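Model, not experiment: these values are computed from the prediction.
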Amino acid sequence: MKRLCLIALCLLLALPLCGCWQEEPMEDASPVPLGTAPEPPRDASQNSQLPDRFSLPYEPDHTLDPIDCPDGMQQVVGSLLYEGLFRLDPRLEPELCLCDSYSHSEDFTFYTFVLRPGAAFSTGLPLTAEHVKTALDRARESRRYGARLRQIEEITAAGDTLFVTLSAPNSGLPALLDVPISTEREGGGVPLGTGPYYFAREDGGAWLIANPGWGQGNQPVERIFLEESQNALLYRFTSRDVQLIVADLTAASPAGFTGDIRYQDAAATSMQYFICNIDRDPLNRAEFRRALSLGIDRSRLVSGFLSGHALPAMFPVSPASPLYPADLEIAYTPFALSSALTDMGWSGGRTLVLLASAENTFKASIVQSVAETFEQAGISVETRILPWEEYLAALEARDFDLCYCETRLSADWDLTPLLASWGSLNYGGWYGQRTDSLLNAFAAAPDRPAAMRALCELLRDQFPILPVCFTSSSVLTLPDVVEKLRPTAAEPFYNLTECVIHLSQEGE
């Protein structure tokens with residue numbers, strides 16, 4: 001289990017074409033600008049380049065079952081087939097989907113969810129709370145969703161109403177319930193969903209066909225062809241056989257693209273940060289950790305090494321979220337670190353070991369840059385960029401002073417694994433009764449922004465970890481084909497009914 005936590009914590013393996021699917025484009029009113037390549041004007045001469053059908057890649061040998069399907073394009077296809085009780089909006093906040101309304105007990109340990117009237121599977125089978133219960137119970141036992149649903153103690157169903165009992169308070173539970181709801185298809189095959197399209201095999205191929213009973217708006221095209229990529233995803237995209245893919249442009253082996261391609265970044269919950277080994281001097285002093293945080297030029301690291309495909313962050317919650325206390329940030333200045341060290345009477349000390357994995361060149365470059373900044377301020381640093389297995393072993397043995405990691409946080413922003421004294425990912429050895437108290441208060445808080453602010457005020461004073469940024473998921477499209485797309489990390493077609501897809505006259 002400890003080993004699994006390490007792997008979940010560090011997410012440094014190559015994921016060149018992954019759809020985080022969890023958990024935002026750039027034309028909305030979001031308070032933080034996320035990267036987007038400008039959408040060029042179209043003219044009539046482009047029509048000759050338009051495809052006669054809109055196509056997405058998929059792997060026929062991999063399941064489309066939303067509980068078991070792999071990351072990447074299978075989940076993109078799945079996002080058009082299935083819906084959850086809730087969905088995450090561009091600010092990573094939950095909004096109603098299959099759920100029409102909900103209520104909770106005063107202590108946030110018991111929830112009641114009422115289903116959307118008229119919701120039905122693509123065959124016309126009405127959706128019931130029993131269907132949702134069955135899907136969620138199955139998800140609770142799955143590798144993908146088991147951890148996020150671990151607090152659910154019991155689910156009961158009656159008609160169109162679902163009742164959920166938790167083992168501990170969680171005022172952010174709706175953010176965890178974007179789990180896709182499906183039911184088995186009679187005779188087997190791809191499970192049924194309530195989404196805007198359904199799966200069918202016709203004309204010698206696999207298709208997504210507009211679900212006439214969806215009732216949430218118009219679909220931009222009636223049919224979407226599923227192109228068998230067979231591990232040739234980049235070729236299919238650059239040759240225009242498919243018109244949309246998702247990519248992690250900060251991955252260890254990022255995909256290379258040529259030609260006229262548009263990308264849109266969607267805010268996600270994956271955080272890159274430094275762990276401080278609290279048991280080692282001088283990391284055991286809060287004033288020293290605060291000084292180190294002042295020496296991290298987060299904006300420069302994001303723009304210089306991640307090409308802007310991330311959001312700089314001083315706190316362990318995405319700046320895209322309304323929970324992020326932007327006014328608590330301490331602005332970076334070139335001499336802030338040196339001044340802070342002088343103020344604390346720093347006269348030099350032992351060499352600090354700064355640990356990173358060699359599997360991701362972007363992260364290794366970030367670590368090298370930060371080490372240079374520390375050295376310039378008079379802090380002796382030994383940078384160890386290790387192969388993956390050696391890196392994991394050093395992290396587990398806590399053989400470091402600072403360790404650069406990445407982890408995917410849950411959308412309810414539960415920081416207990418990272419910061420609680422008993423947290424499974426607390427490899428820095430941080431212990432603070434006040435921290436534990438504030439974590440518990442946030443979980444049960446009716447006013448979540450105020451509770452998160454109180455927690456971040458403590459973190460700004462103590463800095464047991466040094467957040468750097470939240471990486472983004474990127475959606476790549478052919479600009480003359482897809483317009484007005486507004487993706488989220490979970491749903492590339494988040495604003496499906498507003499999206500415009502251009503096809504040739506033959507296709508139209």
Side-chain angles (χ1 to χ4, degrees), residues 21-23 63-69 75 78-79 81-88 92-123 125-186 191-195 269 408-414 416-417 424 440 442-446 448 490-491:
W21 159 267
Q22 130 155 6
E23 323 95 166
T63 180
L64 283 173
D65 184 326
I67 303 301
D68 297 326
C69 76
Q75 289 198 9
S79 70
L81 297 173
Y82 311 108
E83 299 173 302
L85 287 174
F86 296 82
R87 63 200 300 227
L88 296 181
L92 301 170
E93 286 284 286
E95 64 179 38
L96 298 172
C97 190
L98 288 176
C99 178
D100 184 62
S101 64
Y102 71 99
S103 59
H104 54 77
S105 61
E106 186 175 354
D107 65 353
F108 293 98
T109 61
F110 184 79
Y111 281 79
T112 300
F113 302 97
V114 179
L115 300 185
R116 186 177 77 205
F121 293 102
S122 55
T123 57
L125 175 69
L127 175 72
T128 67
E130 190 63 38
H131 288 124
V132 178
K133 167 182 162 52
T134 299
L136 290 181
D137 279 340
R138 184 166 165 253
R140 291 167 63 193
E141 302 300 321
S142 71
R143 181 177 180 181
R144 179 183 298 279
Y145 296 108
R148 76 156 75 171
L149 302 179
R150 66 188 182 283
Q151 287 184 324
I152 294 182
E153 200 167 68
E154 183 182 26
I155 303 176
T156 57
D160 64 351
T161 305
L162 194 75
F163 306 96
V164 176
T165 302
L166 303 181
S167 59
N170 190 348
S171 59
L173 178 66
L176 304 180
L177 296 181
D178 61 339
V179 178
I181 303 302
S182 66
T183 192
E184 292 184 1
R185 183 189 295 265
E186 186 175 344
L192 295 173
T194 61
T269 62
R408 184 180 298 180
L409 300 175
S410 56
D412 62 344
W413 302 111
D414 176 19
T416 300
S424 59
N440 291 332
F442 175 69
R448 287 169 58 79
E491 298 180 72

Where the side chain of Arg148 meets the backbone of Tyr145, is there a donor-acceptor pair that is under 3.5 Å apart? no
Residues passing the salt bridge (charged side-chain N to carboxylate O under 4.0 Å, His left out) test with Arg140, sequence neighbours excluded, are Asp137
With a 4.5 Å limit on heavy-atom distance, are the side chains of Phe86 and Cys99 in contact? yes
Stepwise side chain to side chain contact (heavy atoms under 4.5 Å, CB included) test for Val164 and Ile152: CA-CA 7 Å; Val164 176; Ile152 294 182; 4.1 Å; yes
What are the two closest non-hydrogen atoms of Pro66 and Pro180, and how far apart are they? CB-CB, 3.5 Å
Working to the nearest 0.5 Å, report the span between CD1 of Ile67 and OG of Ser182. 6.0 Å
How many angstroms lie between atom OG1 of Thr109 and atom CD of Gln151, to the nearest 0.5 angstrom? 10.5 Å
Determine, step by step, whether Ile181 and Tyr82 satisfy the side chain to side chain contact (heavy atoms under 4.5 Å, CB included) criterion, reporting the C-alpha distance in whole Å, the side-chain angles of both residues, the deciding distance to 0.1 Å, and the verdict. CA-CA 6 Å; Ile181 303 302; Tyr82 311 108; over 6 Å; no
Determine whether a donor-acceptor pair (N or O, by modelled atom type, separation under 3.5 Å) exists between the side chain of Ser167 and the backbone of Glu153. no
Report the C-alpha distance between Phe110 and Leu166 in whole Å, list the side-chain angles of each, state the deciding distance to 0.1 Å, and finish with yes or no for side chain to side chain contact (heavy atoms under 4.5 Å, CB included). CA-CA 6 Å; Phe110 184 79; Leu166 303 181; over 6 Å; no
Thr128: side chain to side chain donor-acceptor pair (under 3.5 Å) partners, not counting sequence neighbours: His131
CG on Asn440 to CZ on Phe442, rounded to 0.5 Å: 12.0 Å
Does Thr194 offer a backbone N or O that forms a donor-acceptor pair with the side chain of Ser122 under 3.5 Å? no
Can you confirm whether Gln75 sits close enough to Arg144 that some side-chain heavy atom of one is under 4.5 Å from a side-chain heavy atom of the other? yes
4.5 Å side-chain heavy-atom contact, Leu92 and Thr269: yes
Considering residues at least two apart in sequence or located in another chain, which fulfil the salt bridge (charged side-chain N to carboxylate O under 4.0 Å, His left out) criterion with Asp65? Arg138
Heavy-atom pair with the smallest gap, counting every atom of Pro169 and Ala444: CB-CB, 3.7 Å
Nearest-0.5 Å distance, OG of residue Ser410 to CG of residue Leu176: 5.5 Å
For residues Leu162 and Ala157, report the shortest heavy-atom separation together with the two atoms involved. CD1-CB, 4.1 Å
Partners meeting salt bridge (charged side-chain N to carboxylate O under 4.0 Å, His left out) with Asp160 (sequence neighbours left out): none
Between CZ of Phe113 and CG of Leu177, what distance do you get to the nearest 0.5 Å? 5.0 Å
What distance do Tyr102 atom OH and Leu115 atom CG have between them, rounded to the nearest 0.5 Å? 15.0 Å
Using the test ring pair (Phe, Tyr, Trp, His ring centres under 6.0 Å), find all partners of Phe108 that sit at least two apart in sequence or belong to another chain. His104
Does Lys133 use its side chain to pair, donor to acceptor, with the backbone of Ile155 at less than 3.5 Å? yes
Residue pairs, two or more places apart or on separate chains, that pass salt bridge (Lys or Arg N to Asp or Glu O under 4.0 Å) and touch residues 94-122: Glu83-Arg116, Arg87-Glu95
Determine whether Leu173 and Asp412 make a side-chain contact, defined as any pair of heavy atoms from C-beta on separated by less than 4.5 Å. no
Taking all heavy atoms of Phe121 and all of Leu127, pick out the closest pair and write down the distance. CZ-CD1, 3.6 Å
